[in-house]
Structure formats: C-alpha cells, structure tokens
Amino acid sequence: MSDAPASVSKDFIRELIAADVAAQRNEGWVITRFPPEPNGYLHIGHAKSICLNFGLALENAPKSRCHLRFDDTNPVKEEVEYVHSIQEDVKWLGFDWGQNLFYASDYFEKLYGFAVQLIEKGLAYVDDQTLEQVRAHRGSLTQPGTPSPYRDRSVAENKDMFARMRAGEFREGERILRAKIDMASPNMNLRDPVIYRILHAHHHRTGDAWCIYPMYDYAHPLSDALEGITHSLCTLEFEHHRPLYEWLIDNVDGLPGKPYQREFARLNLTYTVMSKRKLLEMVKAGLVNGWDDPRMPTISGIRRRGYTPASVRVFCETIGLTKYPSLTELALLEHCVREDLNKHAQRVYGVLRPLKVVITNYPEGQVEEVELVNNPEDPEAGKRRVPLSRELYIERDDFMEHPVPDFHRLVPGGEVRLKYAFCIICHEVVKDAAGEVVELRCTYDDATRRGVKPVGRPKVKGTIHWVSAAQALDVQVRLYDKLFTEAQPDEAAGEEGSFTQFLNPASLEVVTAKLEPSVASASGGAHYQFERVGYFYTDPKDSRPGAPVFNRTVALKDGFAKGK
RNA sequence: UGCCUCAUGGUGUAACGGUAGCACAGCAGAUUCUGAAUCUGCUUGUCUAGGUUCAAAUCCUAGUGAGGCAACCA
C-alpha cells in the first residue's frame, strides 16, 4: 500500500495526523468534519477547509471519514436556504459525506444533559446578571475579572434554575448558564464563559422545542466528541478557544471520543473580501447580482463564473497550510483555472468587438467551410467545420491604423494570417463621418491556405481569429474582471472608510459578440476557449436553447498587452 | 498596555542541525496557424542583535514587526 515515495512534504497538520496514525491513536482512525453554520453561502475560503477536511479523509482511507455538520446553534441567523446551498457547494467541489450528515441541533438533548452534569459537578452555574453586568465583571484584556454574585449558588438551585430556563420561565437575557472556570484567567474565554442563553426563537430544524440554545464554544467540542471526531480543524481565530475546548472534553463524563483541536490560517485573496458579513452586505445593497454573481468569491459565484471543481481543488492544495496569516495573489487562482481549462476547453472563434473585413477578391455569395482544431491540447477532441466567406469580422484590437512598435497584426498595407484560412492584406481603411474605422477592405492570397508560407516571401508574423459575417451569431457575453480596484479593499478603506468604495466600476462589461455558428447548440454549463481571447462559460441560469449567454471566466494571458 | 500565535524572494510555500528548493508573478530567449500553451534561462529571500555548535532558516535569549482575543455570534 505504502510503496509510494513518502518524501512529499507535509503541512504541520498532516504531520501531526501521520504521527497519530503511526502511534495508533484512536486505533489509527482519522475522522474530520466540515462544520459550517448555515447563515450564508460558502466562499473560496471555505473551500480551503473543505479540501483539507475531506482531503484528509480520502488520504487516510480506509480508516477515515469526514462529516458534514451544520453548526446550527443560533436560530436567529440560520436558514434552510443556506443548508441547501452548502450541501450543493460541497458536492460540486467533488466531496461526499456519505451517511455522515449531522446537525449540532441533533444533540440538543444530550448537550442539555451534559450541562446538567456540569452543574452537578459544581462546574456550571446559572447567572442572573444582565448582559452589561456580565460584561463589567469579565474585566478587560489587562485586568482580571471578578466573580458573579451568583457564582456560588447551590447545585440544587442551579439545577432548578436551569430547568426553569428550559421551561421558558424567563425572558431573553434574564438568565444564562456559565461554566465555572477562572475569572482571573489571562484567556478571556476561560472567564466563566456563557454556555447556554435564552432565545425565544424558531429553529429551522427543532422548531419551538427549545428556548435555550448552547453556545458554539460549548456545543462544538461536545458535538465533535459525540461524533467520534478525532481531529477538529478550524481557523486561527479559535486558537484561544482551545483551552475551553479541552476543558469541556476533560470535564464532561461519558463522551465517546476524545478529539483535539488544531488551527490553521484562513485564506485571504487579493482583490477580494472574504467575510460572510461583507458579502451579505454587497448582496443586500445590490452591489452585485446575488450570492452567485460571477464576481463573488462564493463557491456558487465562481462556479457560475466558470471555475471548475478540479481547478479549485488544485488551488487549495497549492496554497499550502500554515499558521501564517498570508495573502494569496488572485493570479494563482487564475493560473489554476487556466491550467485546467487549457487542457479541456473546446476552442471556438469569437469576436468580442467586431470590425468588418471585406475580402474584395473573394467571390461574392461564395461560402466555404474550413476545418478547425477543437483543442490542440487534446487530439481526441477532433475538428469542426466553420463557414468562411467574403465578409468577416475580426477583433478591433487586431487592427491598428497607426501601429505601435512590435504590433504584428493587421495594419494598413500589411499582411496577417486568418487562422486556418489564408493571409489577407489590408488595402483600404473605411471610416464613418466621425472618423471611426468601420470597415477594412482587403485581398486574400490563395497560395497561403493551410498555413502555407509561399517560398521567397517573409513569414507573416500575425495570426488572428475571425468569424464569417453572414453566419455569425450575435451573443451576449459578460466580461468579468476583478471586483475591487485595490488588492486589499479593507486595508485601503481604513477605519472610517468602506471596502465598497473600491468596487471596480469595470468589473462587468456586457458586449454583443460575434461567434462562430457552432455555439448555437451550446447549452448552459459548458466551458469554451475563445481563441486568443479567454475562457468562457455558458451561464447556467440565463442561457436558452439556441441563445447561450457567456460569462468570461478568465482572460488568456496576453504577453503583448503586458508589454505595452 | 495584558495574554496567545506567527515571521524564508514581489506572493504562496519546502527544507525537521549539514548544498536555501518548488509554484505563481516578473524578465529574456526558443518554439508556435492562439502574442496562449509548451520548453530553456534569468532576477529576487531566511525580520534584527546576541548566544549554543565543527555546522543554525532550523536550537536558546532579547528585541522588532504582524495577526488574534474583552457577543448572551460562529
């Protein structure tokens, strides 16, 4: 089984797990979990966690599994819409939780029992203080807290009070259950943390069965233990919750498992904001067209943009896993899609900003078919036929009346190759009254067909794509670009500003492009490369039979544009 | 003015006391019926100061810088 070269370097979590497996901790089982709260849509940062947790299960098979658990302990923020979208997104990424779908709310009764146990052990008490009083007693970062006057209530009174909390005798905020740990701890999380609060709210799964709900810090470690989780992986901001996690695992009796928590740095991406709160803000303000707007860093957004699951998985592997709060360049994500799509995307000719070309020596009314390669990276992809006639469209960018140095596409008097057709020479530039170039009159050279370079003539430097005017399809194409103009919108905004002031006004441009007729049959959800232009994805929502709508996933790298 | 964690090219990471490597980005060149892809080469790095050691990115001490922490959120 293990004859593979084990020399590949592991991140600190994988090393830890490998050591646990080697030491036969938990009989060598590795059981992880991805535990989102269903209070919003998943984003690319969650993908990192999903790939880690589910990846770990895959890597450590067969004694392994990864649970999908909804951390639904705060009914006022959670909605079923989100539990559906989260499942869809995890599946899309290519992961399978099998039978292991859980909800923290499944454990409410057990969690309540554990709380009673803590009360009986003298490790939890009901506090009657107001929120403000609790806050005041907690101390500060530099000053220790002071005990609540209710801290030394008798076990009997605590049990009675807690039962009455559950029975709904109190209003929200009137009572809380606290773990009795250490009001003087330098770790604020240990200053008698709240473990239950009263919420007269309807829960999306338990309905009105409960009016007290466990806090994350309480429910999470115990849920992990109940599910037999061995390794509970979360992001760095939970680092100082770890002592509380361990306190609960150590002080609650009857837990079937003994998980431990480790933390890693969350993903940060340039030109992106990653918090659910800010994404929600943009959705609500109508700054984007919903959670699945292709400019959003949500899984549903990047899916609609045309990113592939494989490219996201490769990205998540590539960024690594450390405790350093890094900032990854968006360019790396883009590289990952290009790499995937280059190998798999069907090539097609599409002109985003059309300029008419008339080939004056090509017979009027004649239409021929030219054979084009579907994907030079994949011979199996075969060929297709595309019409060619006297009137064509080429990209406006592929012509310059007054060329800059090193421009080797079409210029007045110059020659360029129409890919897979023949070479043309531009003889006349037709302009409208405003001086705008509206048409090029060219001649073609029959001796240059099939890529032939006639002997004794210099090689034509430029090769451009084209579409036959009469057969071209007018298609809506959405040109997406980065959502923000600043690499770090939050940093740039500072304390007083808002990240929204750095929204890129050019993040979406809609054009009517001229496409080769073969794409008429394209359905939603297909990947294409428009040759020399970029990768495009037929929008799954807005495409109609015979009328696809294309989203630009990412542009092709452009060495010429860069040099300018 | 506390506690915790972290610090390797522009960016992300590897090196587990013994040649600082890889990827992205950038820059050249080769190649190309996509200025893409591919191939080749190049530029750029161990936060600072001490110490331990034959040998330190790695261990120790101090400093500096960064991130996190005072919801009845997760």
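A, B, ... follow the sequence lines: proteins, then strands. Residue 1 opens every chain.
- Both A:L332 and A:Q129 lie near RNA chain B, and the one whose nearest nucleotide falls closer to the 5' end is A:L332.
- In this structure, A:L321 places its CG atom 21 Å from P of B:A23, rounding to the nearest Å.
- At whole-Å resolution of the value, CG in A:N375 and P in B:A37 are 14 Å apart.
- For A:Y420, the side-chain atoms get nearest to B:C33 when compared with the rest of B:C33, B:A23, B:U34.
- Among the nucleotides B:C6, B:G2, B:A74, the one closest to any side-chain atom of A:L141 is B:G2.
- Using atom C1' as the reference point in both B:U38 and B:A15, the two lie 30 Å apart (nearest Å).
- The aromatic rings of A:F536 and A:F550 lie perpendicular to each other, with more than 60° between the two planes, well past the 30° mark.
- Minimum atom distance to the side chain of A:Y324 is reached by B:U13, of the listed B:G35, B:C72, B:U13.
- Distance CG (A:L327) to C1' (B:A7): 16 Å, rounded to an integer number of Å.
- Using a 30° and 60° split on the angle between ring planes, A:H46 and A:F34 fall in the perpendicular class, above 60°.
- Comparing B:A20 with B:A28, their C1' atoms are spaced 25 Å from each other, to the whole Å.
- On a pure distance criterion of 3.5 Å, no polar donor-acceptor pair joins the side chain of A:R532 and the base of B:G35.
- To the nearest whole angstrom, the two C1' atoms, one in B:C22 and one in B:U1, are 42 Å apart.
- When the C1' atom is compared between B:C42 and B:C47, the two are found 27 Å apart, to the nearest whole Å.
- Geometrically, A:R338 does not engage A:Y535 in a cation-pi contact defined by less than 6.0 Å to the ring centre and at most 45° from the axis.
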Pair up each side-chain donor or acceptor in residues 314-330 of chain A with any protein partner under 3.5 Å, not counting sequence neighbours, and list the distances.
{"unit_1": "A:T318", "atom_1": "OG1", "unit_2": "A:V314", "atom_2": "O", "d": "2.6"}
{"unit_1": "A:T322", "atom_1": "OG1", "unit_2": "A:Y324", "atom_2": "N", "d": "3.2"}
{"unit_1": "A:K323", "atom_1": "NZ", "unit_2": "A:E239", "atom_2": "OE2", "d": "2.8"}

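- The shortest distance between the side-chain N/O atoms of A:K557 and the OP1/OP2 oxygens of B:A37 is below 4.0 Å.
- Side-chain contact between A:R242 and A:E246 is present, with at least one heavy-atom pair separated by less than 4.5 Å.
- Residue contacts shown for A:R409 include a base, since a base heavy atom lies under 4.0 Å away.
- For B:G35, the base is stacked against the aromatic ring of A:H408, per a cut-off of 5.5 Å between centres and 30° between planes.
- At a threshold of 4.5 Å between non-hydrogen side-chain atoms, the residues A:Q129 and A:E174 do not count as touching.
- Contact annotation: A:S326 reaches the phosphate of B:U13 (side-chain N/O to OP1 or OP2, under 4.0 Å).
- Closest to the A:E239 side chain, of the nucleotides B:A36, B:A74, B:U5, is B:U5.
- Listed pair A:T318 / B:G12 fails the phosphate criterion, with no side-chain N or O lying under 4.0 Å from OP1 or OP2.
- Of the side-chain N and O atoms in A:K459, one or more sit less than 4.0 angstrom from OP1 or OP2 of B:C33.
- The glycosidic torsion of B:A71 lies within 90° of 0, which places this base in the syn conformation.
- For the pair A:P214 and A:S140, nearest-nucleotide mapping onto RNA chain B gives the more 5' position to A:S140.
- Between A:R197 and B:C73 there is a side-chain N or O to OP1 or OP2 distance below 4.0 Å.
- Nucleotides B:A57 and B:U52 place their P atoms 16 Å apart, quoted to the nearest Å.
- In this structure, A:Y216 forms no aromatic stack with the base of B:A74, since the conditions of centre separation below 5.5 Å and plane angle below 30° are not both met.
- Of the candidate nucleotides B:A74, B:C72, B:C69, B:C72 has the atom lying nearest to any side-chain atom of A:L131.
- Nucleic acid contact for A:S275: none, since no nucleic acid atom lies under 4.0 Å from a heavy atom of the residue.
- Within 6.0 Å of NZ on A:K343 lie more than 12 heavy atoms contributed by other residues, nucleotides or ligands.
- What separates OH of A:Y41 from P of B:A74 is a distance of 21 Å, to the nearest Å.
- Distances shorter than 4.0 Å separate some side-chain N or O of A:R135 from OP1 or OP2 on B:A71.
- B:G10 sits 23 Å from B:U19 when the P atoms are compared, rounded to a whole Å.
- Distance noted for atom P between B:A49 and B:U58: 13 Å (whole Å).
- A:F170 carries A:R175 over the face of its six-membered ring, with the cationic atom under 6.0 Å from the centre and within 45° of the normal.
- For A:F108 and A:H203, the distance between ring centers is under 6.0 angstrom.
- Ring-plane geometry between A:W291 and A:Y82 is classed as perpendicular, the angle between the planes exceeding 60 degrees on a 0 to 90 degree scale with a lower cut at 30.
- When the nucleotides B:C69, B:U34, B:C72 are ranked by their closest atom to the side chain of A:V194, B:C72 comes out on top.
- Looking at heavy-atom distances under 4.0 Å, A:P376 makes contact with a base.
- You'll find that the side chain of A:R138 is closest to B:A71, out of B:A25, B:U13, B:A71.
- The stretch residues 334-348 of chain A comes close to RNA chain B through A:H335, A:N342, A:R347, each having a heavy atom under 4.0 Å from the strand.
- When the P atom is compared between B:G12 and B:C60, the two are found 25 Å apart, to the nearest whole Å.
- Screening A:Y216, A:Y245, A:F264 for a ring-ring contact (aromatic ring centres under 6.0 Å, His included) with A:F238, the sole residue that qualifies is A:Y216.
- Listed candidates were B:U34, B:A25, B:G68. Nearest to the side chain of A:E329 is B:A25.
- Within the nucleic acid shown, A:T270 has no heavy atom closer than 4.0 Å to any nucleic acid atom.
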Watson-Crick and G-U pairing of RNA chain B, under 3.5 Å, as dot-bracket with | and [ ]: .((((((..((((....[..)))).(((((.......)))))....(((((..]....))))))))))).....
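- Within 4.0 Å (heavy atoms only), A:K323 reaches sugar-phosphate atoms of the nucleic acid but no base atom.
- Under 3.5 Å, the side chain of A:Q529 and the base of B:U34 form at least one donor-acceptor pair of N or O atoms.
- The ring-ring contact (aromatic ring centres under 6.0 Å, His included) with A:Y196 is formed by just one residue from the set A:Y218, A:W210, A:Y213; it is A:Y218.
- Within the nucleic acid shown, A:Y196 has no heavy atom closer than 4.0 Å to any nucleic acid atom.
- For A:N189, whose side chain is taken as the heavy atoms from C-beta onward, the closest listed nucleotide among B:C69, B:A25, B:G35 is B:C69.
- Computed from coordinates, the A:Q261 CD to B:A74 C1' distance equals 12 Å when rounded to whole Å.
- A salt bridge links A:D192 with A:R151: the closest approach of a Lys/Arg side-chain nitrogen to an acidic carboxylate oxygen falls below 4.0 angstrom.
- Residues A:K278 and A:F499 have side chains in contact (heavy-atom distance under 4.5 Å, counting atoms from C-beta outward).
- Taking 4.0 angstrom as the limit, A:T73 places a side-chain polar atom (N or O) nearer than this to OP1 or OP2 of B:A74.
- Following rounding to the nearest Å, A:W210 (CH2) and B:C72 (C1') show an atom-to-atom distance of 17 Å.
- Of the candidates B:C73, B:G2, B:C24, B:C73 carries the atom nearest the A:N74 side chain, counting heavy atoms from C-beta on.
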